[in-house]
2 protein chains.
Amino acid sequence: MTIAEANEFRTLCDTAGIAVTHQRQVVFEALRHMHGHPSPEEVYARVRIRIPSISLATVYKTIHLFIESGVFREVSLHHGSLRVETNARPHHHLVCTGCKSISDIDAEALEIGARARKLPGGFLAQRYAVDVLGLCAECQKSLS
Amino acid sequence: MTIAEANEFRTLCDTAGIAVTHQRQVVFEALRHMHGHPSPEEVYARVRIRIPSISLATVYKTIHLFIESGVFREVSLHHGSLRVETNARPHHHLVCTGCKSISDIDAEALEIGARARKLPGGFLAQRYAVDVLGLCAECQKSLS
DNA sequence: CTAGGTGCAAAGTATTTGCAACGCT
DNA sequence: AGCGTTGCAAATACTTTGCACCTAG
């Protein structure tokens with residue numbers, strides 16, 4: 001880890017009010033240098049090279065801590081389990097970052113427009129699914 | 001189930017080349033009449049009122065069958081497990097419906113524009129996350 | 001020193017699978 | 001009749017938790 005990264009990490013921890021531990025530094029650096037959307041197992045595999053004694057539980061705890069602190073995001077804020085769309089109309093989702101609730105909004109009401117000309121790697125676009133992330137009315141109240 | 005629904009379901013099964021069973025009809029009807037984004041457990045609870053002997057495994061199999069056949073969609077096509085965003089730049093996702101791979105596309109490159117005026121229920125929008133659903137180059141080849 | 005962090009093992013939840021019996025076509 | 005479908009129970013995958021020990025501040 002570079003000096004700059006170490007300092008940045010120290011500052012992040014100060015802001016979040018959490019301890020700077022060796023495990024957290026190594027997980028932080030691993031994530032910083034990984035590409036794509038790694039799973040906890042993949043992070044664990046990488047971190048174990050530098051800390052063979054680290055446990056998967058610590059990796060999970062650390063990742064959640066980073067997500068709560070806003071240091072990293074998770075790829076999908078949706079339910080972790082399988083959910084079925086019962087709404088047959090074209091629609092998008094309002095996802096509350098507070099209570100994790102998901103409600104539907106008609107595609108027309110969102111008035112979304114995407115004008116991608118070329119998508120990387122010859123990707124063929126068929127449909128757009130938009131999550132509007134924010135706070136539902138209830139969670140806005142709770143925070144005020 | 002109305003006669004119209006029963007006929008519609010029969011046609012769907014014919015098209016998909018699958019058998020019309022009592023369990024599938026009841027799961028189909030349950031989903032048709034449920035709101036929001038039910039989990040397999042919730043569907044199971046509802047279906048059990050009419051078929052007490054049905055198993056949760058059958059509900060899972062039936063839901064997957066419906067999703068593969070395009071009869072219903074799932075809410076999120078993302079990985080079922082926790083994934084971390086390592087890309088700090090504002091970006092959206094290209095999600096391949098064939099191989100389920102997810103790649104990033106810079107927010108600017110997608111040129112997305114949302115102009116929602118009023119969001120239902122006083123929802124406070126903070127950020128938009130767009131999934132472009134389609135086929136990656138590899139999966140386009142496989143299908144040709 | 002002590003509050004918070006870690007590692008371990010066990011528990012919890014979500015989902016899938018193997019297989020014998022059963023029912024659609 | 002034959003093959004796909006079902007129900008059950010066991011297996012697997014993923015994630016969380018309780019607790020004794022350890023460590024940063």
Side-chain angles (χ1 to χ4, degrees), chain A residues 1 6-7 9-28 30 37-45 47-69 71-72 74-84 100, chain B residues 1 6-7 9-28 30 37-45 47-69 71-72 74-84 100:
Chain A
M1 168 142 49
N7 286 337
F9 181 65
R10 196 162 282 273
T11 305
L12 281 170
C13 289
D14 284 352
T15 308
I18 59 173
V20 177
T21 68
H22 185 219
Q23 284 86 340
R24 287 175 186 171
Q25 286 183 62
V26 174
V27 171
F28 176 79
H37 313 105
S39 65
E41 283 282 356
E42 287 163 347
V43 177
Y44 177 53
V47 167
R48 263 214 294 191
I49 296 167
R50 289 182 52 198
I51 313 178
S53 63
I54 200 172
S55 71
L56 181 56
T58 297
V59 172
Y60 268 97
K61 287 169 189 164
T62 306
I63 290 175
H64 282 137
L65 188 71
F66 287 165
I67 290 171
E68 284 158 28
S69 315
V71 177
F72 287 94
E74 56 185 310
V75 172
S76 174
L77 283 81
H78 289 177
H79 312 94
S81 62
L82 177 62
R83 298 302 175 114
V84 187
K100 310 286 182 187
Chain B
M1 168 142 52
N7 285 338
F9 182 66
R10 197 161 281 275
T11 306
L12 281 171
C13 289
D14 284 353
T15 308
I18 60 173
V20 178
T21 68
H22 184 217
Q23 284 85 341
R24 287 176 186 168
Q25 287 183 60
V26 173
V27 172
F28 175 79
H37 312 105
S39 66
E41 283 283 356
E42 288 163 346
V43 176
Y44 177 53
V47 167
R48 262 215 295 192
I49 296 167
R50 289 182 50 197
I51 314 178
S53 63
I54 199 172
S55 71
L56 182 56
T58 297
V59 172
Y60 268 97
K61 287 169 189 164
T62 305
I63 290 174
H64 282 138
L65 188 71
F66 287 164
I67 290 170
E68 284 159 29
S69 315
V71 177
F72 287 94
E74 55 184 311
V75 173
S76 175
L77 283 81
H78 289 176
H79 313 95
S81 62
L82 177 63
R83 297 302 176 113
V84 186
K100 311 285 182 187

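Remember, predicted model here, so these are calculated numbers, not experimental data. Below, chains carry the letters A, B, ... as their sequence lines are ordered, and counting in each starts from 1.
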(message) Quick check on dT6(D): is either OP1 or OP2 less than 4.0 Å from any side-chain nitrogen or oxygen of Arg24(B)?
(response) yes
(request) Between Leu82(B) and Thr58(B), just flag the one whose closest nucleotide in DNA chain D comes earlier from the 5' side. (result) Thr58(B)
(message) In this structure, how many angstroms lie between the P atom of dT5(D) and the CD atom of Glu68(B), rounded?
(response) 11 Å
(request) Classify the nucleic acid contact of His64(B) as base, sugar-phosphate or nothing, counting any heavy atom under 4.0 Å across all strands shown. (result) sugar-phosphate
(message) Heavy atoms from C-beta onward define the side chain here; which of dG7(D), dT16(D), dT5(D) lies closest to that of Lys61(B)?
(response) dG7(D)
(message) For a 4.5 angstrom cut-off between non-hydrogen side-chain atoms, does Leu12(A) reach Phe28(A)?
(response) yes
(request) Decide yes or no for Glu42(A) and Arg83(B): does some side-chain heavy atom of the first lie under 4.5 Å from some side-chain heavy atom of the second? (result) yes
(request) Please state how far atom CD1 in Ile54(B) lies from atom P in dC8(D), giving the value in whole angstrom units. (result) 10 Å
(message) Over all strands shown, is Ala57(B) touching base, sugar-phosphate only, or nothing at heavy-atom distances under 4.0 angstrom?
(response) base
(message) Using every non-hydrogen atom in the two residues, find where Cys13(B) and Val20(B) come nearest and quote the distance to one decimal.
(response) CB-CG2, 3.7 Å
(request) Remember a base hit wins even if backbone is also touched, and classify Ser39(B) as base, sugar-phosphate or nothing at under 4.0 Å, heavy atoms. (result) nothing
(request) State which residue, out of Ile63(B), Val43(B), Val75(B), fulfils the side-chain contact (heavy atoms from CB on, under 4.5 Å) condition with Pro38(B). (result) Val43(B)
(message) Tell me the interatomic distance from Ile63(A), atom CD1, to dT15(D), atom P, rounded to whole angstroms.
(response) 9 Å
(message) Under 4.0 Å from a heavy atom of chain A: give me the 5'-most and 3'-most nucleotides of DNA chain C that qualify.
(response) dG5(C) to dT15(C)
(request) Mind calculating the distance between OH (Tyr60(A)) and P (dC14(D)) to the nearest angstrom? (result) 7 Å
(request) With DNA chain D as reference, determine whether Arg83(B) or Ile18(A) sits nearer its 5' end, using the nearest nucleotide of each. (result) Arg83(B)
(request) Please tell me if the side chains of Ile67(B) and Leu82(A) come closer than 4.5 Å, counting only heavy atoms from C-beta onward. (result) yes
(message) Any non-hydrogen side-chain atom of Arg24(A) less than 4.5 Å from a side-chain atom of Lys61(A)?
(response) no
(request) Using a 4.5 Å cut-off on heavy atoms from C-beta on, say whether the side chain of Phe66(B) contacts that of Val27(B). (result) yes
(request) Using a 4.0 Å heavy-atom cut-off across all strands, classify Gln23(B) as base, sugar-phosphate, or nothing. (result) sugar-phosphate
(request) Answer yes or no: is there a side-chain heavy-atom contact under 4.5 Å between Tyr44(A) and Tyr60(A)? (result) no
(request) Quick one: closest heavy-atom pair of Ser69(B) and Leu65(B), and the distance? (result) OG-O, 2.7 Å
(message) Expressed as a whole number of angstroms, how long is the span from Ile51(B):CD1 to dT6(D):P?
(response) 9 Å
(request) Would you mind reading off the bend of the helix from dC1(C)-dG25(D) to dT25(C)-dA1(D) from its two end axes, five pairs each, to 10 degrees? (result) 40°
